[in-house]
Each structure stands twice: as structure tokens, then as C-alpha cells.
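Written out below as C-alpha cells is the structure these notes cover.
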Amino acid sequence: TRCQTKEGIMKKIADIMNKNLATVDADDSFEEALKLMKEKGIGRVPVLENGKLIGVITRNDILVKTEKAPLPPVLAIWDLLITLPNNKEFREKYDKITGVTAKEIMTKEFNTIDVNADLQEAVTSIVDNEKDFFFVFDKGSLVGVLTKTDLINGIF
């Protein structure tokens with residue numbers, strides 16, 4: 001079943017999901033994930049192991065997981081390292097954070113939805129359960145991501 005827009009056109013998940021997926025491998029470094037998020041301007045990156053989705057790195061993981069490193073250098077990384085001192089102590093901290101793998105920093109909890117699922121259900125689930133996004137699967141393969149923004153832009 002499909003969601004009806006004001007133009008009367010029925011839409012499906014496949015019509016509004018973001019198919020341009022950037023992924024990282026479980027063993028990729030945190031730095032690679034960070035670079036990918038900056039380059040693509042995305043807030044979440046699926047983490048794959050042997051081609052299978054095992055987790056997600058979100059902007060929040062990077063900013064919240066302070067046990068990995070002090071917060072200011074991480075925030076400064078988002079600012080392209082422009083204002084940071086290049087002293088030995090900082091270098092050591094930076095190497096420590098960027099040496100962390102995607103698997104170590106990822107969140108194992110994420111929501112999935114089938115590409116053929118009812119779009120109305122996805123909308124309800126995102127709104128009622130305050131979910132930020134779904135990874136979209138088609139016959140067991142990751143094919144896209146459906147975010148609140150995609151829903152707003154795609155339906156209205």
C-alpha cells in the first residue's frame with residue numbers, strides 16, 4: 001500500500017528513500033568514517049561486516065562517546081582541525097581517537113524496514129516512536145535509508 005500526497009499520486013518507500021548510501025567497513029578507522037560523513041554531508045553511516053549491516057555510526061556517537069577521547073578535539077575535528085594546536089599531547093590524543101575502528105564506536109541498535117512495507121506505517125513509526133531513520137532492505141540487501149527529512153520532503 002502507498003501513501004497519498006496532495007497531488008493524488010501514490011508514493012512508496014522506494015520513491016522517497018535516499019538510495020545514495022555511503023558505508024564503512026567494520027575495520028575502517030573512525031577517521032575514515034568521519035571523513036566520509038563530512039564529505040557527503042551525512043549524519044549517519046551504516047557499518048558493514050562481510051557485506052552485512054552490523055551497526056551504524058551517527059553524528060551523536062562521535063560527539064557523545066567521550067570515553068574514547070576528550071570532547072574538544074572531537075568537536076574541533078568537525079571544524080576541520082583548523083583551530084587545533086599541533087603539539088605532541090594533542091597529536092597523541094588525535095591518534096588515539098582516529099585509531100578507533102568503526103566497529104568500536106558504532107551503535108548496534110538501528111531500525112530496518114522492507115522496501116515494500118507500507119509507507120504510512122513508516123511515517124507512523126517514525127512519528128510515534130521518535131525514530132530518526134530506517135535502513136531500507138530489499139530481499140535482504142541494504143538499498144537505502146529513510147529519514148524524517150526524506151519523509152517530509154517526499155510526502156509534502
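When a residue number appears, it is its place in the shown sequence, counting from 1. Note that the structure is predicted; figures quoted are calculated from it, not measured.
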Inset, instruction - Could you walk me through whether Phe133 and Phe135 pass the ring-ring contact (aromatic ring centres under 6.0 Å, His included) test, one step at a time? - result: CA-CA 7 Å; Phe133 66 94; Phe135 285 125; 5.2 Å; yes

Inset, instruction - Go through the steps to decide whether Leu48 and Leu142 satisfy the test side chain to side chain contact (heavy atoms under 4.5 Å, CB included), and finish with yes or no. - result: CA-CA 10 Å; Leu48 305 181; Leu142 180 63; 4.2 Å; yes

Inset, instruction - Report the C-alpha separation of Val143 and Met17 in whole Å, then their side-chain angles, then the decisive distance to 0.1 Å, and conclude whether the side chain to side chain contact (heavy atoms under 4.5 Å, CB included) test is met. - result: CA-CA 9 Å; Val143 293; Met17 72 180 187; 3.8 Å; yes

Legend entry - Atom of Lys11, atom of Leu119 and distance for their closest heavy-atom approach: O-CD2, 3.7 Å

Inset, instruction - Without swapping roles, check the side chain of Lys19 against the backbone of Ala14 for a donor-acceptor pair under 3.5 Å. - result: yes

Inset, instruction - Show your working on side chain to side chain contact (heavy atoms under 4.5 Å, CB included) between Arg44 and Thr147 and close with a plain yes or no. - result: CA-CA 10 Å; Arg44 69 197 55 77; Thr147 66; 3.3 Å; yes

Legend entry - Under-4.0 Å salt bridge between Lys103 and Asp27: no

Inset, instruction - State which residue, out of Val56, Leu36, Leu34, fulfils the side-chain contact (heavy atoms from CB on, under 4.5 Å) condition with Val24. - result: Leu36

Legend entry - Minimum heavy-atom distance between Ile42 and Val45, given as atom pair plus value: CD1-CG2, 3.9 Å

Legend entry - Where Ile16 and Asp150 come nearest, the two heavy atoms and their spacing: O-CB, 3.5 Å

Legend entry - Taking every non-hydrogen atom, the tightest pair across Met106 and Gly55: SD-CA, 3.7 Å

Inset, instruction - Check each of Ile152, Asn153, Leu151, Leu146 against Thr149 using the side-chain contact (heavy atoms from CB on, under 4.5 Å) test, and report the only one that passes. - result: Asn153

Legend entry - Closest approach of Ala102 to Val47 (non-hydrogen atoms, all atoms of both residues): CB-CG1, 4.1 Å

Inset, instruction - Locate the shortest heavy-atom distance separating Phe134 from Ala122; write the atom from each residue and the value. - result: CE1-O, 3.9 Å

